[in-house]
Amino acid sequence: MPPTRSRPAAIDAWAQQPNDAFMQAPWLASLLRWSGGERRAPAVADMLAAMDEAGVEIALLSAWVGPHGTLIGNDEVAAAVRTAPTRLRGVASVDLTRPLQAVRNIRHYVGDLGFVAVRVLPWLWNLPPDDRRFYPVYVACAELDVPFCTQIGHTGPLCPSEPGRPIPYLDHVLLDFPELTVVGGHVGFPWVNEVISLATKYPRFFVDTSAYAVHRLPPELVGFMRGHGRTRVLFGTNWPMLSAARCLERLEDLQLDEETTRLFLHENARRVFRL
């Protein structure tokens, strides 16, 4: 995939290929209001066209499973990946109330179908990430050496934000599982300094910038990216809520040097997810 406007090709660490049920979820209303989107599930071709427009080489597509059932199934993600296997990778999700089946599903989708990570969203379950129901998932991810992806910070949907607070909840997880790679998506606002402290403290904790146009990133995170955190921040969109073109249109505002730009846009993700 060629870069756009001399910018290095990018890897999108957080995207989803939604179905009609996902797009009709009541909690999506606030996100659509902010992003100006509509309740229409885009086709895979729409996503690939948006990736091409912005020079995105690979996007990681996430399944969504919550306490009320499956919103985007792992098999749906696998089917989407099969339509463009050089451009898309799968990220599994699981039901926390069925721990044995959750572990079996992780082993199947990662081991047999090549999914590159697992994502479960604390706000969707209204459970902090150090709740006991997450721990079998962490063990499975650590054993398979694949990242666990989560959401950090306040919630865009009209749901409690407390599960997204990094300290103490994610701090406990990172202490209990030093072998586990964790990627915290959506930046972590308003607790950005807590996020930076965890990324400084724990060598296997990373942050992705999904759900943010890069010129709106908190200045503390941009400073971290320019300095000792240059290998710890990954680009992401949260497609279809934001397109890569919209996220990156003011990339130059960050004033990143050439090497840091490469790390942010693709090298960090390629290393973390072993793409």
Side-chain angles (χ1 to χ4, degrees), residues 1 9-23 25 41-52 56-66 69-96 98 101-121 124-125 134 136-151 180-186 206 208 210-211 234-244 266 268-275:
M1 181 66 222
I11 294 172
D12 183 352
W14 186 330
Q16 40 268 314
Q17 177 53 42
N19 52 33
D20 290 334
F22 180 91
M23 295 305 295
V44 175
D46 296 328
M47 176 174 53
L48 293 172
M51 291 167 62
D52 289 343
V56 174
E57 177 187 6
I58 296 171
L60 276 55
L61 296 186
S62 184
W64 280 60
V65 178
T70 297
L71 289 164
I72 304 174
N74 292 309
D75 288 335
E76 292 178 87
V77 171
V81 170
R82 284 194 294 271
T83 68
T86 64
R87 307 292 304 282
L88 306 174
R89 302 289 189 277
V91 176
S93 193
V94 293
D95 184 346
L96 296 180
R98 303 179 64 197
Q101 189 60 49
V103 169
R104 292 178 184 131
N105 285 346
I106 292 169
R107 290 172 177 166
H108 169 62
Y109 287 101
V110 172
D112 299 333
L113 297 187
F115 281 36
V116 298
V118 176
R119 177 175 283 120
V120 183
L121 303 177
L124 188 60
W125 289 85
F134 280 92
V137 177
Y138 300 149
V139 171
C141 289
E143 286 183 338
L144 293 168
D145 198 18
V146 294
F148 176 79
C149 300
T150 187
Q151 183 268 349
L180 177 67
T181 297
V182 176
V183 180
H186 294 14
F206 300 83
D208 84 52
S210 57
L234 288 59
F235 170 68
T237 64
N238 201 31
W239 168 269
M241 310 314 159
L242 287 174
S243 68
H266 69 92
N268 291 341
R270 195 177 298 279
R271 183 182 71 256
V272 170
F273 296 105
R274 293 194 281 181
L275 302 175

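Fair warning: this is a prediction, and the values are worked out from it, not measured in the lab.
Here the closest heavy-atom approach between residue M51 and residue A59 is recorded as CE-N, 3.7 Å. In terms of heavy-atom proximity, Q16 sits nearest to P240 at O-CD, 3.8 Å. Contact record, N74 with F115: O-CZ, 3.5 Å, taken as the closest heavy-atom pair. Pairing each heavy atom of A244 with each of T237, the nearest pair is CA-CG2, 3.7 Å. The minimum heavy-atom distance linking P147 with V272 is given by the pair CG-O, 3.5 Å. Smallest separation of non-hydrogen atoms from V77 and V91: CG1-N, 4.2 Å.
For R98, the CZ atom sits in a loose shell: 12 or fewer heavy atoms of surrounding residues, nucleotides or ligands are nearer than 6.0 Å.
In this structure, the separation between OG on S243 and CG on D46 is 12.0 Å, given to the nearest 0.5 Å. Between the CG atom of L88 and the OG1 atom of T83 there is a distance of 5.5 Å, given to the nearest 0.5 Å. Note that CH2 of W125 is 4.5 Å distant from CG of L96, once rounded to the nearest 0.5 Å. With rounding to the nearest 0.5 angstrom, the CD1 atom of I58 is 11.0 Å from the CG atom of D12. Atom CZ of F148 and atom CZ of F134 lie 5.5 Å apart (nearest 0.5 Å). Rounding to the nearest 0.5 Å places CG of D95 at 9.0 Å from CD of Q101.
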- [ ] Step by step, work out the side-chain contact (heavy atoms from CB on, under 4.5 Å) result for L113 and H108.
- [x] CA-CA 7 Å; L113 297 187; H108 169 62; 3.9 Å; yes
Open item on the list: side-chain contact (heavy atoms from CB on, under 4.5 Å), that's the test. Do F206 and N268 meet it? Break it down for me.
Closed with: CA-CA 9 Å; F206 300 83; N268 291 341; 5.8 Å; no
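Here the rule is side-chain contact (heavy atoms from CB on, under 4.5 Å) with V94, and of V65, V103, V137 only V137 fits it.
At least one side-chain heavy atom of P42 sits under 4.5 Å from a side-chain heavy atom of W239. E143 is listed as a side-chain neighbour of R107, based on a closest heavy-atom distance under 4.5 Å. For the pair L275 and E57, the minimum side-chain heavy-atom distance is 4.5 Å or more. Within the 4.5 Å cutoff, no side-chain heavy atoms of I11 are placed close to those of L234.
Under the 3.5 Å distance criterion, the side-chain polar atoms of E76 are left unmatched by any main-chain donor or acceptor of P18. Judged by distance alone, the side chain of R87 and the main-chain N or O of V56 form a donor-acceptor pair under 3.5 Å. For R274 (side chain) and D145 (main-chain N/O), a donor-acceptor pair under 3.5 Å exists by modelled atom type.
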